[in-house]
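In listed order, ligands and their atoms are each counted from 1.
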Amino acid sequence: MQENPVVYLVGAGPGDPELLTAKALRLINEADVIVYDRLVSPRIMDLAPSGTPKINVGKQPKLHPVPQEEINQLLVSLAHDGRRVVRLKGGDPFLFGRGSEEAAYLRQHNVAFEVVPGVTSASACAAAVGIPLTHRGLSNGVRYVTGHCCDTSDLDLDWRGLADPATTLVLYMGKANIPQISIKLIANGLSETTPVAAICNGTRPEQRHIVSTLGEISGATSTADFKGPVLFIVGRVVELADILGVAAPEIRPASPLKERRRA
Ligand SMILES: C[S@@+](CC[C@H](N)C(=O)[O-])C[C@H]1O[C@@H](n2cnc3c(N)ncnc32)[C@H](O)[C@@H]1O
């Protein structure tokens, strides 16, 4: 217990416990209570002391067991009880993690907070399958985009701007909308042959990924029947997985759709 209430908004990274920051691990060990999301991997939760209370507020796509407003109130009330609260989120809390909404609510209620960044799934998944997000001559920039908008089926994105062959596009939360996303990108000028990687459960023991093209990624993803979070990387840098990826060449199927499991 402490005199000054404080909430730590902590990024847990993509799943591999070794990608947790030293600060995150220290705070997890010192917490009076941990409030965690669905995307925080069980292997990371296993690092927390067994006596620390752990509250699961995990959301699933289209199924939000604990509404965001209740999570916000819970954080304030735990902090007002004088507890050192660790609010643990997958990846980085300020990247598609609603960490900033929680921070704003804490500020409004005069609760001190600190944001502890985590390794976001874009860089972790890309590294795990041998794809650099930029590469001289292939991509001069990278954009992180949501593939899911506010529970509506139509994605309202700047498709013309996004369909840029000179940059890499990373799509978070795009699994359900990948058919719509690929059609829009092609309609706005990206070639059907643009390479695309889909990485499921990146950095976890059950990691799987496929390499395909924009024209075929929708069918390939549905065939792969991924169970778990999926990140899409679109752009020429995906070609480099062939030489920088860790999967041995002999395990690749001959078809244009290449599926690999973690080595
Ligand atoms: C609500 S967003 C949270 C992003 C998180 N804050 C981050 O920085 O990675 C959830 C999306 O992140 C991506 N994601 C998170 N962890 C992942 C993982 N281990 N493997 C693949 N994708 C992941 C997926 O696109 C998933 O739908």
Report task. Drop me the distance from Asn201's CG to Asp16's CG, to the nearest 0.5 angstrom. Result -> 12.5 Å
Report task. Could you grab the distance from atom CG of Leu88 to atom CD1 of Ile34, nearest 0.5 Å is fine? Result -> 6.5 Å
Requested in this report: Could you grab the distance from atom CD of Glu102 to atom CG of Leu74, nearest 0.5 Å is fine?
Outcome: 9.5 Å
Report task. Answer with yes or no after comparing the ring centroid distance for Tyr144 and Tyr172 against a 6.0 Å cut-off, counting only values under it. Result -> yes
Query - Presence of salt bridge, Glu114 and Lys23, under 4.0 angstrom - result: yes
Query raised in the report: With the threshold set at 4.0 Å, does a side-chain nitrogen-carboxylate oxygen contact exist between Arg160 and Asp158?
Result: no
Check ligand 1 for N or O atoms under 3.5 Å from a protein N or O and list each pair with its distance.
residue	atom	partner	partner atom	Å
ligand 1	6 (N)	Gly90	O	3.0
ligand 1	6 (N)	Asp92	O	2.9
ligand 1	6 (N)	Leu95	O	2.7
ligand 1	8 (O)	Asp92	N	2.8
ligand 1	8 (O)	Thr120	OG1	2.7
ligand 1	9 (O)	Thr120	OG1	3.3
ligand 1	9 (O)	Ser121	N	2.9
ligand 1	9 (O)	Ser121	OG	2.7
ligand 1	14 (N)	Ser121	OG	3.3
ligand 1	19 (N)	Pro14	O	3.0
ligand 1	19 (N)	Gly202	N	3.4
ligand 1	19 (N)	Gly202	O	3.1
ligand 1	20 (N)	Gly202	N	2.8
ligand 1	25 (O)	Met173	N	2.9
ligand 1	25 (O)	Val230	O	2.7
ligand 1	27 (O)	Met173	N	3.3

